[in-house]
Each structure stands twice: as structure tokens, then as C-alpha cells.
Amino acid sequence: MNPPAQVQRMFYIDLVRAISVLLIITYHFNQQIGAHGIHAAEIFKQTFASENIGSLGITLFIILSGAALMASYGRTLELRTYARKRFLAIFPLYWTGFLVTAATLFLLHGHLRGDSAHWKFLLTIIGFDGFLYYRIPNYYLLGEWFIGFILLLYLGFPLLRKALKQQPLLLCIGVLALYVSITTFYNELFVIDIVHNPLTRLPDFVFGMMFVAYVKRVSQSALLLAIVVFGVPLVWHLPIPHIYVAFLMGMSAFATLAFIAQKIETNARVNGGIAFISKYSFPAFLVHHNIIGELLVRFMNTSLGRVEVYFLYLIVLILTFSAAVLLTRLTNTVTRGFKPSAASQQA
């Protein structure tokens, strides 16, 4: 007997979330290896003909954000409850992580990051320090641009959900028209990096919403199409803007992982490992950059063999997810009286 569709849906969301965070950590580890002048082979393979694993990980994160919200609020959405849960899913963990990271870096280096313009700390409080760092140097420490970015998509979700419920075809046409228009004239309209702009990632987010709303199971024919769409940019350099490649590969990878989830969802041992990585993916995402940086600086300008660099990568993973578990427990202890259990785990 097949489990209910909702169980299947949540498992493939867990699988995508786990794969996404591992892709991002691996990408940043490889990037920092080069930035610290460490002579070592890259972990797995980082860059393909038209895409890299970091970009793919972020695209999958955006798609699953739309999917996870639609899975939770597909039937009903009460704005006050929605706003409260989204707030509690992001800010307690983010604020606690920032304070712990700031204290740790202060003890390690003897100074605080930032400048004398203390009003900029407001950007940290509201979660937009990394998102706006390209224009306003501030007290940014963790979360990169993604926190402010996803908060903006969270704000837009109720309207997108309403449009999907009432006029799905019109929503698709409108989003794609906006997407093509903006990407065609992007440099004349925006300064922010095109991949960091919520308007250019609306198709990813809406695709995740529509996948949950309309796809119950991925067929073998759909899988074959997804594999082809995913595989071509890996082998050939496509003469189209990278933002289009990211969208196409993200969609196809998401569908492929959903199909894989259908095949392995009954394996308790596999499920347990995936559930663990998924559960702590958001705090791991928050802390991994600083952990990688503080660890790799100790190997600056050295040479590492293949076994050594993979061992160092394994240490990074262990430290990252250990810190993620501790940060989650600390946050839950501090905020126990203010939020429902495990809310911070569904970012």
C-alpha cells in the first residue's frame, strides 16, 4: 500500500532540502579552498558546462520553499497565523545564530565586525543585512543574501497562492512575462545580482507551488524528460543567460529527486538520515560559511592530498551539523514559551 500523498510530498521535500544544503556546503568548501590558497583537488565536481552545484543548490532551495509553503497552506491560509509561523521559522534561529557567531568570532579575533554606523544593525535585526550588503556595508555575519530574499518571497506567497487557486494559467503567463521582460533588460533596471533578485526567481518559487498543487507522482516519462533537460547543460554550454539555465536545471532536478523519493521513501534507515539533514538544514546553512572559513584559514597556502581534503571536508560537515543541532536546541530553549515546537526547522 502506498502512503498518503501528503506523506510522499513531505518526504521529497525533505530529500530536496537535504541535497540542496549539501550542494551549497560543498560548493562553498571548494570555493574557500581556492580562496585560502590551498592546493588540493576539489570535492566531487563543482562546475559543469552551463551550471555549478552551488547555483543548483540555491535554485532547489527556492523551489522547495514554494513547495513547502503550498504543502502547508494549500487548503487554508489565515494571514495572522501564517505571518507568525514564518517569523518564528526564521528570526529566532537567525538572531541566536548571529549572537553566537559574533561572540565566537570576537573571542577568536579580538574585535567585532561592522563599522561605527550603528543604525545599520537594524538591517541585521530585520534579516536584510546580507541581502543589502552589495549596496550598504553593514554588520552582516551569516545567512548571506538568502535571508532577506526569502523573506520577500514569503511576503508575496499569500498573493501568489490566491492567484494559483483562482487563475493558475493567468499566474503562469504573468510570471513568465515578467521574468522574460526583466531578464531581457536587467542591467538597465537593477544593480543587484540577477540571481539574488526575488523577481527573477519567481518562476522557481511558483514552480514549487504548482508542483505540490498539481503533481501527485512523477511518471517515468516525466522523469525521462527531466533527465534530458538536466543533463544537456551539464555537457554543453548553452548560449542562453545563466538565469534561464538555473531555472531549467532546478525544475528538472526537483522532479528527478521527487521521483527518487517515491522509490526510497519506505527505507527507514535512508529516511532517517535524510530527515536529520533536512531538519537541521537551515541552521547548517546559517553557520557553514564561518565554520569553513575559520577551519580552512589554518591550512592557508598548504598542499593537501585527495584523502586529506576529503577528510577535511568530512570534518566540516560534522562540525556544521553539530553546530546546527546545538544552535537549534539553544534557540528552542530560549524561545520555548513563544513558539510551537520545531517551528524553526521548517525554514
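Between L327 and P283, the shortest heavy-atom contact is CD2-CB, 4.2 Å. Here the closest heavy-atom approach between residue S20 and residue L60 is recorded as OG-CB, 3.1 Å. The two atoms that bring E308 and G305 nearest to each other are OE1-N, 2.7 Å, heavy atoms only. Of all the heavy atoms in A213 and K216, the pair that sits closest is O-NZ, 4.2 Å. When all heavy atoms of H196 and F149 are compared, the closest pair comes out as O-CD1, 3.2 Å. In plain terms, the two heavy atoms of A226 and T256 that are nearest each other are CB-OG1, 3.6 Å.
In this structure, the side chains of I58 and V195 stay at 4.5 Å or more apart for every pair of heavy atoms. Looking only at side-chain heavy atoms (C-beta outward), M70 and F157 come within less than 4.5 Å of each other. Between I125 and F98 the shortest side-chain heavy-atom distance does not fall below 4.5 Å. Between F282 and R17 the shortest side-chain heavy-atom distance does not fall below 4.5 Å. F131 places none of its side-chain heavy atoms less than 4.5 Å from the side chain of E144. With contacts defined as side-chain heavy-atom distances shorter than 4.5 Å, the pair K85/S72 does not qualify. Residues P233 and L248 form no side-chain contact, since every pair of their non-hydrogen atoms from C-beta on lies 4.5 Å or further apart. Between Q220 and F259 the shortest side-chain heavy-atom distance falls below 4.5 Å.
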Query raised in the report: side chain to side chain contact (heavy atoms under 4.5 Å, CB included) between F276 and V325: does it pass, once the steps are laid out?
Result: CA-CA 10 Å; F276 174 85; V325 171; 3.9 Å; yes

Report task. Decide side chain to side chain contact (heavy atoms under 4.5 Å, CB included) for L286 and T101; before the verdict, give the C-alpha distance in whole Å, the side-chain angles of both, and the deciding distance to 0.1 Å. Result -> CA-CA 10 Å; L286 290 178; T101 300; over 6 Å; no

**Report entry** Pair L69-M209, side chain to side chain contact (heavy atoms under 4.5 Å, CB included): steps then yes or no
**Finding:** CA-CA 7 Å; L69 289 180; M209 294 172 58; 5.9 Å; no

Report task. Any chance you could lay out the side chain to side chain contact (heavy atoms under 4.5 Å, CB included) test for I150 and S65, step after step, and finish with the verdict? Result -> CA-CA 8 Å; I150 204 64; S65 295; 3.5 Å; yes

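N290 places no side-chain N or O within donor-acceptor distance of the main-chain N or O of L142, the cut-off being under 3.5 Å. In this structure, S278 contributes its side chain and I274 its backbone to no donor-acceptor pair below 3.5 Å. A donor-acceptor pair under 3.5 Å is formed between the side chain of R161 and the backbone N or O of Y73. No donor-acceptor pair closer than 3.5 Å links the side chain of K279 to the backbone N or O of D14. With hydrogens and angles disregarded, no donor-acceptor distance shorter than 3.5 Å links the side chain of E51 to the backbone of V245. Remark: side-chain polar atoms of D129 are not paired, donor with acceptor, to backbone N or O of N138 under 3.5 angstrom. Formation of a donor-acceptor pair under 3.5 Å by the T302 side chain with backbone atoms of F299 is found in this model. With hydrogens and angles disregarded, a donor-acceptor distance shorter than 3.5 Å links the side chain of K120 to the backbone of P137.
We find the CZ-CD1 distance between R306 and I43 to be 8.0 Å, quoted to the nearest 0.5 Å. To the nearest 0.5 Å, the span separating CG on L199 from OG1 on T183 amounts to 11.0 Å. To the nearest 0.5 Å, the span separating CG on L93 from OG1 on T335 amounts to 9.0 Å. For the atom pair CE (M300) and CD (Q32), the distance works out to 9.0 Å, reported to the nearest 0.5 Å. Rounding to the nearest 0.5 angstrom, the gap separating the OG1 atom in T104 from the CD atom in E294 is 9.0 Å. Note that CD1 of I13 is 7.0 Å distant from CG of L64, once rounded to the nearest 0.5 Å.
Separation of the F87 and W95 ring centroids falls under the 6.0 Å cut-off.
Of the residues Y12, F205, F230, the one that meets the ring-ring contact (aromatic ring centres under 6.0 Å, His included) test with F254 is Y12. Remark: of the listed residues L238, L234, V232, T59, L234 is the sole one forming a side chain to side chain contact (heavy atoms under 4.5 Å, CB included) with M249.
Annotation: ring-ring contact (aromatic ring centres under 6.0 Å, His included) contacts involving residues 167-187, sequence neighbours excluded, comprise Y179-Y244, Y179-F247, Y186-F190.
Taking the six-membered ring where the residue is Trp, F91 and Y94 present perpendicular rings, their angle passing 60° and hence far from 30°.
Cluster membership check: V334 does not share its hydrophobic cluster with L326, using side-chain heavy-atom separations under 4.5 Å among Ile, Leu, Val, Met, Phe, Trp and Tyr. Residues Y280 and I277 share a hydrophobic cluster, clusters being chains of Ile/Leu/Val/Met/Phe/Trp/Tyr side chains in contact below 4.5 Å. Residues V297 and I25 are members of separate hydrophobic clusters, defined by side-chain heavy-atom contacts under 4.5 angstrom among Ile, Leu, Val, Met, Phe, Trp and Tyr. Cluster annotation: V206 is connected to Y82 through the hydrophobic network of ILVMFWY side chains, with a link wherever side-chain heavy atoms come within less than 4.5 Å. Residues M251 and L225 share a single hydrophobic cluster, defined by chaining ILVMFWY side chains whose heavy atoms lie under 4.5 Å apart.
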I'd like a table of donor-acceptor pairs (distance under 3.5 Å, sequence neighbours excluded) in which one partner is a side-chain atom from residues 309-321, with atom names and distances.
from	atom 1	to	atom 2	distance (Å)
Y310	OH	F44	N	3.0
Y313	OH	T26	OG1	2.6
T320	OG1	V316	O	2.7

